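For reference, the structure is listed below as structure tokens.
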Amino acid sequence: MKSFLMFATVCMVSLTACAQNTKSPVTETSGTSAGGATIYIRYNAPSVRGRTIGKDLEPMPGKVWRTGADSATAFEINKDVKIGGKVLKAGRYALFTIADGDNWTIIFNNDVHKWGAFSYKESEDVIRVNVTATKAASFAEKFKITVGKAGKVDLLWGDSDVSFKVD
């Protein structure tokens, strides 16, 4: 019995250590739009770790990206909102992006249960919004999404700051 308890304890400590050592940890952020909608985003945050974004690391130019790592990024709102002048109904969506230099396409897709973008289907898109990336104030080693005042969402990755407004 003692050896079983010792084995179980070692296994639990090992699993806990591995879980805390995740390379792309689950991260959550939230905020409020100017119209009072609650914005909740859940994503896995990859790190650059010496790799080159667009060559060794997503997003690849012109390809759909899950906007994070592992599972597709979840974007949830509790009220109908407008993004880039387009209506997005209250609900939960997968957030995908396509980077093409400084031109980015923000995609809200109905299929929230994706792992990555491997089975992404454009036919499941609800809205697409085109935005222009700007140079970030500082290099983002770890991918980060923020929701600022009045619903401004920033995607910070490497030297890029890609933002869109949730009205």
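This one's a predicted model, so the numbers in the text were calculated from it and none came from an experiment.
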Return the set of residues passing side chain to side chain contact (heavy atoms under 4.5 Å, CB included) with [X] (not counting sequence neighbours), or none when no residue passes.
X: Asn130; value: Thr105
X: Asn110; value: Tyr93, Glu124, Val126
X: Thr132; value: Asp102, Asn103
X: Thr97; value: Trp65, Thr67, Trp104, Ile106, Leu155

Name all residues meeting the ring-ring contact (aromatic ring centres under 6.0 Å, His included) criterion together with Phe164; count only those two or more places apart in sequence or in a different chain, and write none if there are none.
Phe108

Answer yes when Glu58 and Arg66 have at least one side-chain N-carboxylate O distance shorter than 4.0 Å, and no when they do not.
yes

Output all residues satisfying salt bridge (charged side-chain N to carboxylate O under 4.0 Å, His left out) with [X], sequence neighbours left out; order by chain, then residue number.
X: Lys165; value: Asp167
X: Asp111; value: Lys114
X: Lys89; value: Asp80

Can a donor-acceptor pair be found, under 3.5 Å and without considering hydrogens, that links the side chain of Ser33 to the backbone of Ala37?
yes

Under 3.5 Å, side chain of Lys82 to main-chain N/O of Leu88, donor-acceptor pair present?
no

Tell me whether [X] shares a hydrophobic cluster with [Y], the cluster being built from Ile, Leu, Val, Met, Phe, Trp, Tyr side chains joined at under 4.5 Å.
X: Val153; Y: Val129; value: yes
X: Ile145; Y: Leu57; value: yes
X: Phe75; Y: Leu156; value: no
X: Val81; Y: Val131; value: yes

So which heavy atom on [X] is nearest to which on [Y], and how close?
X: Arg92; Y: Ala74; answer: NH2-CB, 3.4 Å
X: Ser24; Y: Pro46; answer: OG-CA, 3.4 Å
X: Gly158; Y: Ala136; answer: O-CB, 4.3 Å
X: Asn44; Y: Asp70; answer: ND2-OD2, 3.3 Å

Evaluate the criterion side chain to side chain contact (heavy atoms under 4.5 Å, CB included) for residue pair Glu122 and Arg128; output intermediate values, then yes/no.
CA-CA 10 Å; Glu122 187 174 342; Arg128 286 178 167 225; 3.6 Å; yes

Full working for side chain to side chain contact (heavy atoms under 4.5 Å, CB included) between Met60 and Lys55:
CA-CA 7 Å; Met60 298 299 172; Lys55 183 179 176 191; 5.8 Å; no

Given side chain to side chain contact (heavy atoms under 4.5 Å, CB included), test Thr38 with Glu76 step by step and report yes or no.
CA-CA 8 Å; Thr38 299; Glu76 191 170 344; over 6 Å; no

Pairs involving residues 154-163, ordered by first then second residue, that meet side-chain hydrogen bond (donor to acceptor under 3.5 Å, both in side chains) (sequence neighbours left out):
Lys152-Asp154

How long is the span from the OG atom in Ser47 to the NZ atom in Lys142, to the nearest 0.5 Å?
4.0 Å

Using the ring pair (Phe, Tyr, Trp, His ring centres under 6.0 Å) rule, collect all pairs that involve residues 37-59, keeping only residues at least two apart or in two chains.
Tyr43-Phe143

Do Ile41 and Ser30 touch side chain to side chain, with heavy atoms closer than 4.5 Å?
no

Working for side chain to side chain contact (heavy atoms under 4.5 Å, CB included), residues Ile107 and Leu95:
CA-CA 6 Å; Ile107 303 167; Leu95 178 67; over 6 Å; no

Please list all pairs meeting salt bridge (Lys or Arg N to Asp or Glu O under 4.0 Å) that have one or both residues in residues 27-42, counting only residues at least two apart or in different chains.
Glu28-Arg42

